Amino acid sequence: MVRYIEENITKMLETKIISKSEVLCAGGDDGDTSPATKVFQDFQINEEDVGRGGGGLIRSWVDSMRACSPSHLKPFNNQSSWIKEHPSALNMFEEILHESEGKQIVMFLDYDGTLSPIVDDPDRAFMSNKMRNTVRKLAMCFPTVIVSGRSREKVYSFVKLTELYYAGSHGMDIKGPEQNSKYKKKTQSLLCQPATEFLPVISEVYMKLVEKTKSIQGAKVENNKFCASVHFRCVDENKWSDLAHLVRSVLKNYPKLMLTQGRKVLEIRPIIKWDKGKALEFLLESLGYENCTHVFPIYIGDDRTDEDAFKILRDKRQGLGILVSKYAKETNASYSLQEPDEVMDFLERLVEWKNLTSGE
């Protein structure tokens, strides 16, 4: 199995799907991993595991699933050092304004857990009308992007605002605003889909996962067009190992797909050099802010997949990331908010500040 993965990594290097540096550079202390590193972490198993059907791999998946469960995380009040390093963006609002002074703010917002509450049924993750109105007003003040693991069409059906940029499937499906945005300019026909060639295989894997996971009560498989999600929020923890076995039984036949983990969800994605961080860079470039010192991106998200964007901003020392969480987590974000209601308060304060300073 290891040799098989190594051969496929070599093929991807030859076809430039990933770069050599991504294979050689392991994740740092902050837990970040490149796409190629994730391949080895998620799929590499030793010979003993092969004989036992990949038991070691399954255990590592389940351990990771448990580690991200809220019952294993510590609330803020027990982590004073964490909140000191990642203070509330509401409490530090004036400092954030000072950091952004004289620069163009560009807003990047995750959807689930950021604009809408996390719910048991992912098809019912509706945002409130008040949040929608706030985001609409925000988009009138700043270029605003929704970045989600959902399909672009699905997240649009929740948000229903034509004046936003949408980056679905973890940034693998990007489209510019349709109307009513003073920031459209030349990007009005913007469309970026770097994983189009994987559409047939994602659809095929989705169908197989639906069939395979029928026996696991509470499991739900979602087709997000350029990726697929296996939700285990409603699955009994004692069944997580069984679910991981079933997912692996499908993925072992698809070496160009990788498995990552989000908030109570397993994500199946193509192995390409693309994530929410790459989507952020692409959109800034499309807006004319590539390598620009006059732009201040603010990215707000709650999921592990948002860490790619947080890290981009931290490494470039440009803008800032805000993690939405009630629990202390390892993160590249600079600030924190505890829940969508606090996100809405933060966005409303930004809108109010912008209107006051612009005289509107």
Side-chain angles (χ1 to χ4, degrees), residues 18 22 27-28 30-39 41-42 61 64-65 67-70 73 107-116 118 122 125 145-152 154-155 158 165-174 192 194-195 198 202 221-233 247 251 257-283 297-315 321-325 327 329-334 336-337 340 343:
I18 55 176
E22 289 182 294
D30 58 7
D32 178 76
T33 51
S34 68
T37 305
K38 288 175 183 175
V39 177
Q41 290 185 346
D42 290 334
W61 282 5
S64 180
M65 290 158 76
C68 290
S69 176
L73 299 172
M107 296 299 304
F108 294 85
L109 305 169
D110 181 33
Y111 183 75
D112 293 271
T114 299
L115 298 181
S116 73
I118 295 293
V145 187
I146 305 295
V147 189
S148 174
R150 305 265 196 167
S151 71
R152 177 168 53 82
K154 186 62 173 286
V155 76
F158 284 139
Y165 294 81
Y166 289 88
S169 303
H170 299 288
M172 288 182 281
D173 188 7
I174 301 173
C192 176
F198 291 92
I202 290 293
V221 185
E222 186 176 11
N223 187 344
N224 290 317
K225 193 170 182 177
F226 293 95
C227 58
S229 302
V230 181
H231 298 271
F232 59 90
R233 179 167 299 277
V247 172
L251 291 187
L257 298 181
M258 66 179 177
L259 182 139
T260 60
Q261 187 185 326
R263 193 168 173 180
K264 288 293 184 74
V265 63
L266 298 173
E267 306 275 9
I268 293 87
R269 294 193 269 172
I271 301 175
I272 64 169
K273 189 180 177 181
W274 202 265
D275 52 38
K276 289 183 177 181
K278 294 294 183 184
L280 179 148
E281 291 182 307
F282 171 81
L283 280 158
I298 298 178
Y299 191 109
I300 308 178
D302 76 309
D303 198 82
R304 287 176 65 175
T305 57
D306 298 311
E307 291 296 326
D308 294 312
F310 293 155
K311 188 173 188 300
I312 290 287
L313 297 179
R314 171 160 285 189
D315 288 349
I322 301 174
L323 175 69
V324 184
S325 177
Y327 304 95
K329 298 179 181 179
E330 191 169 343
T331 181
N332 287 295
S334 302
S336 63
L337 293 168
V343 173

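Everything numeric here is computed off the predicted structure, so don't read it as measured data.
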Enquirer: Identify whether the distance between the nearest side-chain nitrogen and carboxylate oxygen of Arg263 and Asp302 falls below 4.0 Å.
Expert: yes
Enquirer: Mind checking the CG-CD1 spacing from Leu280 to Ile174? Nearest 0.5 Å is all I need.
Expert: 9.5 Å
Enquirer: Between Asp275 and Thr305, is there a side-chain heavy-atom distance shorter than 4.5 Å?
Expert: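 Side-chain contact under 4.5 Å: no.
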Enquirer: Within this structure, what is the CD1-CZ distance for the pair Ile298 and Phe108, rounded to the nearest 0.5 Å?
Expert: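 With rounding to 0.5 Å, CD1 (Ile298) is 10.5 Å from CZ (Phe108).
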Enquirer: Would you please indicate yes or no on a ring centroid separation below 6.0 angstrom for Tyr299 and Phe310?
Expert: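 Phe310 vs Tyr299: aromatic centres under 6.0 Å.
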Enquirer: May I ask you to check whether Ser169 and Lys225 show a side-chain donor-acceptor distance below 3.5 Å?
Expert: no
Enquirer: How many angstroms lie between atom CZ of Arg304 and atom CG of Leu323, to the nearest 0.5 angstrom?
Expert: 12.5 Å
Enquirer: I need the minimum non-hydrogen distance between Leu283 and Ala167, along with the two atoms involved.
Expert: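 Closest approach of Leu283 to Ala167: CD1-CB, 4.5 Å.
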Enquirer: Over all heavy atoms of both residues, which pair between Gly171 and Ala279 is shortest? Give the atoms and the distance, please.
Expert: CA-CB, 3.7 Å
Enquirer: Can you give me the closest heavy-atom contact between Ala125 and Asp112, atom names plus distance?
Expert: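 In this case the closest contact between Ala125 and Asp112 is CB-OD1, 3.4 Å.
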Enquirer: Calculate, to the nearest 0.5 Å, the distance between atoms NZ and CE belonging to Lys278 and Met172 respectively.
Expert: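 Here the rounded value is 14.0 Å.
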Enquirer: Which heavy atom in Ser229 sits nearest to a heavy atom in Asn224, and how many Å separate them?
Expert: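 Closest approach of Ser229 to Asn224: OG-ND2, 2.8 Å.
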Enquirer: Can a donor-acceptor pair be found between the side chains of Arg269 and Thr260 at a distance below 3.5 Å?
Expert: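 There is such a pair (donor and acceptor under 3.5 Å, judged by atom type) between the side chains of Arg269 and Thr260.
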Enquirer: Closest approach of Ser325 and Lys329, non-hydrogen atoms and distance?
Expert: OG-CE, 3.4 Å
Enquirer: Please give me the minimum heavy-atom distance between Cys227 and His170, naming the atom from each residue.
Expert: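 Between these two residues, the closest heavy atoms are SG-CD2, 3.7 Å.
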Enquirer: Which of these, Ile312, Leu313, Val145, sits in a side-chain contact (heavy atoms from CB on, under 4.5 Å) with Pro297?
Expert: Leu313
Enquirer: Under a 4.5 Å cut-off applied to non-hydrogen side-chain atoms, are Thr331 and Glu307 in contact?
Expert: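 A side-chain contact exists here, since the closest heavy-atom pair is under 4.5 Å.
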Enquirer: Using a strict cut-off of less than 4.0 Å between a Lys/Arg side-chain nitrogen and an Asp/Glu carboxylate oxygen, indicate whether Asp110 and Lys276 qualify as a salt bridge.
Expert: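 So Asp110 pairs with Lys276 through a salt bridge.
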Enquirer: Hey, does Ile146 have a side-chain heavy atom less than 4.5 Å from the side chain of Phe158?
Expert: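 With C-beta onward as the side chain, the pair stays apart.
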Enquirer: When rounded to the nearest 0.5 angstrom, what is the spacing between CG in Asp308 and CH2 in Trp274?
Expert: 12.5 Å
Enquirer: Donor-acceptor pair, Asp303 side chain versus Asp306 backbone, under 3.5 Å?
Expert: no
Enquirer: Under a 4.5 Å cut-off applied to non-hydrogen side-chain atoms, are Pro122 and Arg150 in contact?
Expert: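 Pro122 vs Arg150: side chains touch.
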Enquirer: Decide side chain to side chain contact (heavy atoms under 4.5 Å, CB included) for Ile118 and Arg233; before the verdict, give the C-alpha distance in whole Å, the side-chain angles of both, and the deciding distance to 0.1 Å.
Expert: CA-CA 10 Å; Ile118 295 293; Arg233 179 167 299 277; 3.1 Å; yes
Enquirer: Please round to the nearest 0.5 Å and tell me the distance separating atom CD1 of Ile268 and atom CG of Leu257.
Expert: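 Answer for the CD1-CG pair, Ile268 versus Leu257, is 8.5 Å.
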Enquirer: With side chains defined as the heavy atoms from C-beta onward, is the minimum distance between Tyr111 and Ser116 less than 4.5 Å?
Expert: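 Contact flag for Tyr111/Ser116 side chains = yes.
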